[in-house]
Amino acid sequence: MPKTVPCFAATVWHRLKKKAELDQQHWHCLTESMWSEVPAVQVLAWRMLNRLRNESWAADNLDMLYLTDETLAWAKATGDHENDGSVDLHRDCNGAILQNGDTVVLTKSLDVKGSTLNARLGTVVKNIRLVADNTEQIEGKIEGQTIVILTKYLRKQNEKQ
Amino acid sequence: MKLEDVIRSRSGNYCELCKSQQDLSVYEVPPQDQSNAENSALLCSNCLAQVEKKS
């Protein structure tokens, strides 16, 4: 993202990119907790500091944080440290954040290949599951069948409806 | 003692990353074959959500 983008525009930019920034202020807590003697805490601190490594305070802490070879190998094992401070989010056609268990409404009649499934505009799909590695997709049951639905063709239903 | 009890007593019932006392649970840091006190940590819901990239 360009550095000159003002704050409000940055928020919009991240909404468009379906991303949310880590709460920087919150993670200053790592300056203290990274010194824990518990390997699990060291690994979590190391991974989170890596995600925040573009911030100088995080990079400085990372320089000081010594892990044993064994713990470092564990910390690297998920590949998580290669991610940056932003998180991919599933959003509906209006940009509302979707979560597992949400109820959504189809905003388009869908043609499900190889099936006679009736997935018309307005169909309510309860208890959706987010597809972990693809923010464009969710899974939901229509007429008892689990299908993958694109997030751009659905709208989150408000809880009060 | 159960694993959760061990970790809760070790951490004094505080989040081991941010010291919050809100909504604590044991997080088994991946990848792991079998959870133990060394490879699990007590986290608050705020830290957990961001660690797991859900917010």
Side-chain angles (χ1 to χ4, degrees), chain A residues 14 18-52 61 67-68 70-71 73-91 97-102 130 132-133 135, chain B:
Chain A
H14 282 292
K18 304 197 173 198
K19 290 192 169 201
E21 288 290 290
L22 280 175
D23 182 350
Q24 302 265 353
Q25 212 57 42
H26 176 81
W27 289 107
H28 278 278
C29 64
L30 294 173
T31 304
E32 212 176 304
S33 48
M34 66 185 235
W35 301 110
S36 166
E37 287 172 6
V38 179
V41 178
Q42 296 171 3
V43 165
L44 287 173
W46 189 87
R47 286 179 187 166
M48 296 313 286
L49 286 171
N50 261 290
R51 281 203 228 164
L52 295 160
N61 279 332
L67 302 184
T68 63
E70 194 188 352
T71 307
W74 175 24
K76 285 180 175 172
T78 54
D80 185 44
H81 60 289
E82 284 157 13
N83 296 322
D84 60 13
S86 58
V87 178
D88 294 328
L89 297 174
H90 288 69
R91 293 185 188 270
I97 295 175
L98 297 168
Q99 284 169 335
N100 284 324
D102 277 351
L130 307 182
D133 52 4
T135 57
Chain B
M1 243 196 325
K2 273 171 55 188
L3 177 63
E4 175 156 356
D5 297 335
V6 174
I7 292 174
R8 279 185 183 270
S9 77
R10 162 183 88 198
S11 62
N13 255 331
Y14 289 96
C15 172
E16 291 187 272
L17 291 179
C18 77
K19 305 273 175 243
S20 162
Q21 291 187 288
Q22 302 290 317
D23 210 355
L24 300 169
S25 59
V26 171
Y27 179 63
E28 298 171 354
V29 180
Q32 57 174 253
D33 297 327
Q34 201 170 10
S35 57
N36 57 43
E38 298 278 281
N39 64 21
S40 306
L42 193 66
L43 298 189
C44 68
S45 55
N46 186 8
C47 283
L48 182 62
Q50 294 188 67
V51 165
E52 294 212 301
K53 309 186 187 195
K54 284 179 181 156
S55 68

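The shown structure was predicted, so the numbers you read here are calculated from the model rather than taken from an experiment. Chain letters run A, B, ... following the sequence lines, proteins first, then strands; residues in each count from 1.
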Donor-acceptor list for residues 32-40 of chain B side chains, cut-off 3.5 Å, not counting sequence neighbours:
{"unit_1": "B/Gln32", "atom_1": "OE1", "unit_2": "B/Ser35", "atom_2": "N", "d": "3.3"}
{"unit_1": "B/Gln32", "atom_1": "NE2", "unit_2": "B/Val29", "atom_2": "O", "d": "2.8"}
{"unit_1": "B/Gln32", "atom_1": "NE2", "unit_2": "B/Asn39", "atom_2": "O", "d": "3.0"}
{"unit_1": "B/Gln32", "atom_1": "NE2", "unit_2": "B/Asn39", "atom_2": "OD1", "d": "3.4"}
{"unit_1": "B/Ser35", "atom_1": "OG", "unit_2": "B/Glu28", "atom_2": "OE2", "d": "3.3"}
{"unit_1": "B/Asn36", "atom_1": "OD1", "unit_2": "B/Glu38", "atom_2": "N", "d": "2.9"}
{"unit_1": "B/Asn36", "atom_1": "OD1", "unit_2": "B/Asn39", "atom_2": "N", "d": "2.9"}
{"unit_1": "B/Asn39", "atom_1": "OD1", "unit_2": "B/Asn36", "atom_2": "N", "d": "2.8"}
{"unit_1": "B/Asn39", "atom_1": "ND2", "unit_2": "B/Gln34", "atom_2": "O", "d": "3.0"}
{"unit_1": "B/Ser40", "atom_1": "OG", "unit_2": "B/Asn36", "atom_2": "O", "d": "3.1"}

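The minimum heavy-atom distance between B/Pro31 and A/Thr78, with the atom names listed, is CD-CG2, 3.7 Å. Here the closest heavy-atom approach between residue B/Pro30 and residue A/Trp74 is recorded as O-NE1, 3.4 Å. A/Met48 and B/Gln50 get closest at one heavy-atom pair: CE-O, 4.0 Å.
Annotation for A/Gln25: atom CD does not count as buried by contact number, only 12 or fewer foreign heavy atoms lying within 6.0 Å.
Taking 4.5 Å as the heavy-atom cut-off, the residues of residues 29-36 of chain A that approach chain B are A/Cys29, A/Leu30, A/Glu32, A/Ser33, ordered by number.
If you measure heavy-atom distances from B/Leu43 to chain A, the contacts under 4.5 Å come from the side chain alone. With a threshold of 4.5 angstrom between heavy atoms, B/Cys15 does not approach chain A through any atom at all.
For B/Arg10, the side-chain hydrogen bond (donor to acceptor under 3.5 Å, both in side chains) partners two or more places apart in sequence, or in a different chain, are B/Glu16. With sequence neighbours left out, the side-chain hydrogen bond (donor to acceptor under 3.5 Å, both in side chains) criterion links B/Ser11 to no other residue.
Side-chain contact between A/Trp27 and B/Cys18: absent, with no pair of heavy atoms (C-beta onward) separated by less than 4.5 Å.
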